[in-house]
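Quick note: residue numbers are just sequence positions, from 1. Any value given below was found using the heavy atoms of this structure, including those in side chains, with hydrogens, waters and symmetry copies removed. Just follow the structure's listing: the first ligand is 1, and inside any ligand the first atom is 1.
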Amino acid sequence: MTGDDLSRPPAHGSTGSASSGAGPRAAIVGAGLSGSLLALFLARRGYRVEVYEHRDDPRLSKDEGDGRSINLGLSARGIRALRRAGLLGELWPHTVPMRGRMIHSPSGELTFQPYGTADHEILYSIRRGVLNALLIEHADALDGVTFFYGLRCVDLDADTGTLTLSDTISGETRRVEADLVVGADGAFSAVRRLMQRGRSADLHQEFLEWGYKELTIPPAPDGGPRTPIEALHLWPAHRALIVAHPNTDNSLTCTLFLPHEGEPSFASLGSGAEAERFFRSRFPDTLRLIPGLAEEFEANPVGRLVSVRTSAWHAGERVVLVGDACHAVYPFYGQGMNASFEDCLVLDECLARHPADRGAALREYQDLRRPHTDVLAELSKENFLELRDGLRSPARLLRARADLMLNRIFPRGWQPLYTMISHTSMPYGEALHRARRQNALLGAAAGVLSAGTALGAAAAVLHLRRRAAGPARRTG
Ligand SMILES: Cc1cc2nc3c(=O)[nH]c(=O)nc-3n(C[C@H](O)[C@H](O)[C@H](O)COP(=O)(O)OP(=O)(O)OC[C@H]3O[C@@H](n4cnc5c(N)ncnc54)[C@H](O)[C@@H]3O)c2cc1C
């Protein structure tokens, strides 16, 4: 370990102006979605910010990373944070609105389910790379923000806020001291592991037995879309699910979710030809939509899905976690990034409320966020089961229709859970609590209705029996 100070230029891939001024120094590990947005918020709060990323500058590479999803669904919480950061205007042209779910049946029939009853209740599809580049661009343009690439966090002293970074090319290490170290380094966060070393902290990590693979629906030969574009497309099936997000060039990016093992699974579909046979039997209309299915299936990696919850989001006043580093969730509620952006907003608000006591700010941030992201983890898991098993079930459809109808009649008083999670910024736990109350009411109402129906039916039976018995008595 050389222990160099990072005031000298980084080994490679750095952009931006050197940190200057007299504000506190923040070192963010990870220039992904939450790290780059938080850099922007912290700089505006007067911090000199350095962001350390072990990959190359995403603006220079077309590589989307380690098989992570290419597009993301942006919803109300993420939009709110990006609006606060002043980025929305520039973002919109890169998004495609998704007004609801388009469900594909095995016979090729399409059923559209709107996301909500109000016009604004829609999601927006955006490419991860475009969003990440835009966030970095804006943060990088601020005075006092510097991005360093090709540097991996390998050690941390949480008491002094000292990071050790290793150059991914030369292997050289250097140390950086900061007033605030932020772990924005994703689900397998090194900062989390190093911060919790020797401290009492619960860590719950769960891998889903399903993985995912990206496939592409290209635009039609005339440049138009091959399937209605302004929707999130879903192909539910037994032990398989495809989700497709639209892109601005009329293509759609599909994510195929399958179990890792068993029949069918990524293990059992050994070749592109087998995948094609499988798609023909389960999702016949996709053969027309995904012309490069066999080649892409063979070429693209299988991604893993992990859910992480942890009890310690900060260490004293020096280290804090944001985004997937403190709450990775399965992607089935489309909330991972949205919740991560919400973290950045809430952390910024807490720092504003406690300008002279960072320890109190970090404590409040953890107290405000953790109970709710724990709920999100549960909801994301439940939504996986619903998407997997019940999307086309008549009971689910009936329930969804009842929810939307009640929402139309009582727009303020009745909101489906999905609406509260995706189209509002109501804390996740509160949304769940309210949905449970509504469910109880609906259950009670159904009970009364069915009791009423049963009474009515009993009366009708009695009446019919009397009528049937009447003439018999008369003739008898
Ligand atoms: C298939 C799939 C679909 C998804 N769809 C959605 C969706 O529709 N909507 C939604 O809201 N969310 C979605 N998500 C979740 C979303 O991708 C994540 O929640 C989001 O990327 C979290 O951002 P982050 O910045 O915390 O972490 P990341 O995006 O993982 O960024 C972490 C960064 O840290 C860097 N890094 C890691 N370790 C180190 C180290 N030791 N040193 C230096 N740098 C390091 C990484 O290179 C990376 O750039 C989806 C996820 C998946 C897997």
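Only the side chain of Ala190 comes within contact range of ligand 1, with a heavy atom under 4.0 Å; no backbone atom does. Contacts of Ser75 with ligand 1, taken as heavy-atom pairs under 4.0 Å, are absent altogether. The proximity of Leu33 to ligand 1, defined as any non-hydrogen pair under 4.0 Å, involves the side chain as well as the backbone. The parts of Arg152 lying near ligand 1 are both backbone and side chain, judged by heavy-atom distances below 4.0 Å. Contacts between Leu151 and ligand 1 below 4.0 angstrom, taking non-hydrogen atoms only, involve the backbone exclusively. Here Tyr212 has side-chain heavy atoms under 4.0 Å from ligand 1, and that is the only part of it that gets that close.
Within ligand 1, counting atoms from 1 as listed, the ones closer than 4.0 Å to a heavy atom of Tyr52 are 43 (C), 44 (N). Listed by number with element, the atoms of ligand 1 under 4.0 Å from a non-hydrogen atom of Pro331 are 2 (C), 3 (C), 4 (C), 50 (C), 51 (C), 52 (C). Residue contact check: Gly336 has heavy atoms under 4.0 Å from atoms 10 (C), 11 (O), 12 (N), 15 (C), 19 (O) of ligand 1. Near Ser340, with a cut-off below 4.0 Å to any heavy atom, the atoms of ligand 1 are 22 (C).
The local environment of NE2 in His238 is sparse, with at most 12 non-hydrogen atoms from other residues, nucleotides or ligands closer than 6.0 Å. By the 6.0 Å contact criterion, CZ on Arg304 is open, its count of non-hydrogen atoms from other residues, nucleotides or ligands being 12 or less.
By the 30° and 60° cut-offs, the orientation of the rings of Phe279 relative to Phe283 is perpendicular. The aromatic rings of His260 and Phe266 lie tilted to each other, with the angle between the two planes from 30° to 60°. Taking the six-membered ring for Trp and thresholds of 30 and 60 degrees, His233 and His104 have ring planes inclined between 30 and 60 degrees apart.
Residue Cys153 places at least one N or O, backbone or side chain, under 3.5 Å from an N or O of ligand 1. No N or O atom of Gly323 sits closer than 3.5 Å to an N or O atom of ligand 1. Taking only nitrogen or oxygen atoms, main chain and side chain alike, Gly73 reaches within less than 3.5 Å of ligand 1. Of the polar atoms of Glu53, at least one N or O is found under 3.5 Å from an N or O of ligand 1, judged by distance alone. Between Thr255 and ligand 1, not a single N/O pair is under 3.5 Å apart.
For Ala184, the closest heavy-atom approach to ligand 1 falls below 4.0 Å.
For Tyr149 and Tyr52, the ring centers sit 6.0 Å or farther from each other. Ring centroids of Phe257 and Phe384 are separated by 6.0 Å or more, keeping the two rings apart.
Evaluated by nearest non-hydrogen atom to atom 34 (O) of ligand 1, the leading choice among Gly35, Gly334, Gly30, Ser189 is Gly30. Checking Arg55, Arg128, Met337 against atom 21 (O) of ligand 1, the nearest heavy atom belongs to Arg128. Among Ala31, Gly32, Ser34, the residue whose heavy atom lies closest to atom 24 (P) of ligand 1 is Ser34.
Donor-acceptor pairing under 3.5 Å is recorded for the side chains of Glu90 and His138.
Both the sub-6.0 Å distance and the 45° axial angle are satisfied by Lys213 relative to the ring of Phe297. Geometric assessment of Arg99 against the ring of Phe112 yields a negative cation-pi assignment under the 6.0 Å and 45° thresholds.
Classification of Asp324 and Arg192 as a salt-bridged pair fails, no side-chain N sitting under 4.0 Å from a carboxylate O.
Screening Arg370, Gln196, His204 for a side chain to side chain donor-acceptor pair (under 3.5 Å) involving Thr310 leaves a single residue, Gln196.
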